[in-house]
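For reference, the structure is listed below as structure tokens.
Whatever order the structure lists them in is the order used to number ligands and atoms, beginning at 1.
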Amino acid sequence: MSPSASDVIVVGAGVIGMCTALELARAGWRVTIVERGEPGSESSWAGAGILAPLRPWRYPEAVWELCRDSLARYPALVEELRVASGIDAELLFCGARLHDPRDMARAREWHRAEGLLCADEAEGDREWLRMPWVTQIRNPRLLKALLRVLEQRGVVFRTRCVVTGLLQEGDRVQGVRAKSQDGQGSEERLLAGTVVVAAGAWSPEICAGAPRVEPVRGQMLLLRPRRRLPPGVWLLPEGYVVVRADGLCLLGATVERCGFDRAITTQARTALLAAAAPLGEALADAEILRQWAGLRPGIAGGVPVVGPDATRRGLWWNTGHFRNGLAMAPASAARLAAALQGETKAAATSSR
Ligand SMILES: Cc1cc2nc3c(=O)[nH]c(=O)nc-3n(C[C@H](O)[C@H](O)[C@H](O)COP(=O)(O)OP(=O)(O)OC[C@H]3O[C@@H](n4cnc5c(N)ncnc54)[C@H](O)[C@@H]3O)c2cc1C
């Protein structure tokens, strides 16, 4: 790679890294993404695809702001990707049903304050709150579409290549050190004026002084119910069910602090099936098709770090999206790109 081949290196090709790369490429930046494995194969793939916090009223306002802004951006993004890549990420305005007596009053109040519709509904002895604005997406398809469109736009992907540290002179970051995962590759120096770390749960491994992100394992089940259910999201006291357009159901998700262990467990399977019990017969004899785990980038309060490093020039963070990275990705990326553009313009003006 020639020293001046890219303006920006993005570390990590999850939904956050790829949405960031798209924003920057649209703005005319030459972008290289360095990805340790294959693009879109970690937490962003493992997610359930719900484009909202499960209970937004329990989160800091900063999380909801990024989700609300992203929700407004998703239809145009998915359409742009569909037209350019031929891959439809299947954005589905399916709504959600909150079946949790503990949260009903607070949820109604929150909807009123936000000016969002909700409605009390009941069937037999079951009552729930309908939240019609909740949306789902097929995240693995979104990631495939992003990859294809980024390649079309000339973004360079260095896959199976791990970033092992920063290149720095004084307080100025000048690129990254990276090592190919294939064979016995020696360490390379990849130069760029700006480095954006979007390495999810692994972000603290890039350098000292990183935001306090830690891996939080989430396990999920994919089920085929015996009778077809309408698409939607069911928010239950101990978990959730996403009924996809194809009729398959995602049952999620555990929240486990066990380091970088991506193993699946029988305890989790039992707990997830028990969490679906309030649905009664609907999933009682469903066929279990698959179980998987992903490592969320956990952070206190769930508020991601989106912006420049406090002390090192040329270093930016877009990380710590915890349980809502899919729901916050487009707005996080837009926010980071706008701030980066703003800083570059300011630097150009002051050097005139
Ligand atoms: C079970 C489960 C269910 C979820 N459900 C939802 C949901 O319904 N809605 C929602 O909004 N969110 C959900 N999430 C959370 C969401 O998936 C994450 O917040 C989001 O994927 C984080 O994106 P990311 O790009 O930061 O991380 P990742 O997708 O993990 O991407 C980080 C990338 O960085 C790469 N990388 C790491 N270190 C290096 C290095 N040194 N060099 C090069 N590359 C590196 C990794 O290989 C990886 O590809 C869920 C998560 C899980 C696990």
Side-chain angles (χ1 to χ4, degrees), residues 9-21 32-54 63 66-67 70-71 74 96 134-140 142-143 146-147 157-166 176-181 190 195-207 210 213 215-222 233 235 239-240 242 250-256 260 262 264 268 272 291-299 302 304-306 317-330 332-333:
I9 290 172
V10 175
V11 184
V15 72
I16 301 299
M18 289 205 277
C19 283
T20 304
T32 293
I33 300 193
V34 187
E35 165 55 49
R36 194 187 48 182
E38 296 302 328
S41 57
E42 289 289 351
S43 186
S44 303
W45 178 89
I50 307 168
L51 297 184
L54 296 177
V63 170
L66 284 169
C67 292
S70 294
L71 213 43
Y74 258 115
V134 173
T135 309
Q136 59 167 292
I137 198 164
R138 291 289 286 275
N139 35 311
L142 173 70
L143 296 161
L146 279 165
L147 172 61
F157 277 82
R158 297 289 308 266
T159 55
R160 303 199 52 73
C161 185
V162 64
V163 169
T164 54
L166 299 175
V176 298
R177 289 196 306 276
K179 202 169 175 194
S180 168
Q181 298 276 71
L190 306 179
V195 173
V196 179
V197 178
W202 298 267
S203 297
E205 292 179 357
I206 306 299
C207 60
V213 176
V216 181
R217 184 168 73 185
Q219 299 192 51
M220 192 128 72
L221 293 176
L222 179 67
V233 178
L235 301 170
Y240 58 81
V242 178
L250 296 166
L251 189 45
T254 62
V255 179
E256 304 165 85
F260 288 96
R262 239 193 258 89
I264 55 169
L272 291 170
Q291 180 176 358
W292 65 81
L295 298 176
R296 309 176 183 96
I299 199 165
V305 177
V306 183
W317 300 98
N318 201 353
T319 189
H321 293 74
F322 199 10
R323 300 195 75 174
N324 299 300
L326 297 159
M328 293 193 274
S332 297

Heteroatom distance test ([X], ligand 1): nitrogen or oxygen, under 3.5 angstrom:
X      : result
Gln219 : no
Gly325 : yes
Glu38  : no
Gly49  : yes

Pick whichever of [options] has a heavy atom sitting closest to [atom].
atom                    : options               : result
atom 16 (C) of ligand 1 : Gly320, Ser43, Gly40  : Ser43
atom 36 (N) of ligand 1 : Ala199, Ser41, Gly47  : Ala199
atom 6 (C) of ligand 1  : Ala253, Ala48, Ser332 : Ala48

Using a strict cut-off of 4.0 Å, indicate which atoms of ligand 1 neighbour a heavy atom of [X].
X      : result
Val162 : 40 (C), 41 (N), 42 (N)
His321 : 19 (O)
Gly12  : 33 (C), 34 (O), 35 (C)
Gly218 : 1 (C)
Ile16  : 23 (O), 24 (P), 25 (O), 26 (O)
Cys161 : 43 (C)
Gly294 : 53 (C)
Arg296 : 51 (C), 52 (C), 53 (C)

Please list, chain by chain and in numerical order, all residues satisfying side-chain hydrogen bond (donor to acceptor under 3.5 Å, both in side chains) with Ser180, sequence neighbours excluded.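 Ser180: no side-chain hydrogen bond (donor to acceptor under 3.5 Å, both in side chains) contacts found.
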Using the test side chain to side chain contact (heavy atoms under 4.5 Å, CB included), find all partners of Ser41 that sit at least two apart in sequence or belong to another chain.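 Only Glu38 meet the side chain to side chain contact (heavy atoms under 4.5 Å, CB included) criterion with Ser41.
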Side-chain heavy-atom pair [X], [Y] within 4.5 angstrom cut-off:
X      : Y      : value
Val255 : Arg323 : yes
Asn139 : Val15  : no
Trp202 : Val213 : no
Ile16  : Thr319 : no
Val63  : Cys67  : yes

Using every non-hydrogen atom in the two residues, find where Ser70 and Ala327 come nearest and quote the distance to one decimal.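 Heavy atoms only, the tightest pair is CB-O, 3.0 Å.
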For the atom pair CG (Leu326) and OG (Ser43), what is the distance rounded to the nearest 0.5 Å? 7.5 Å
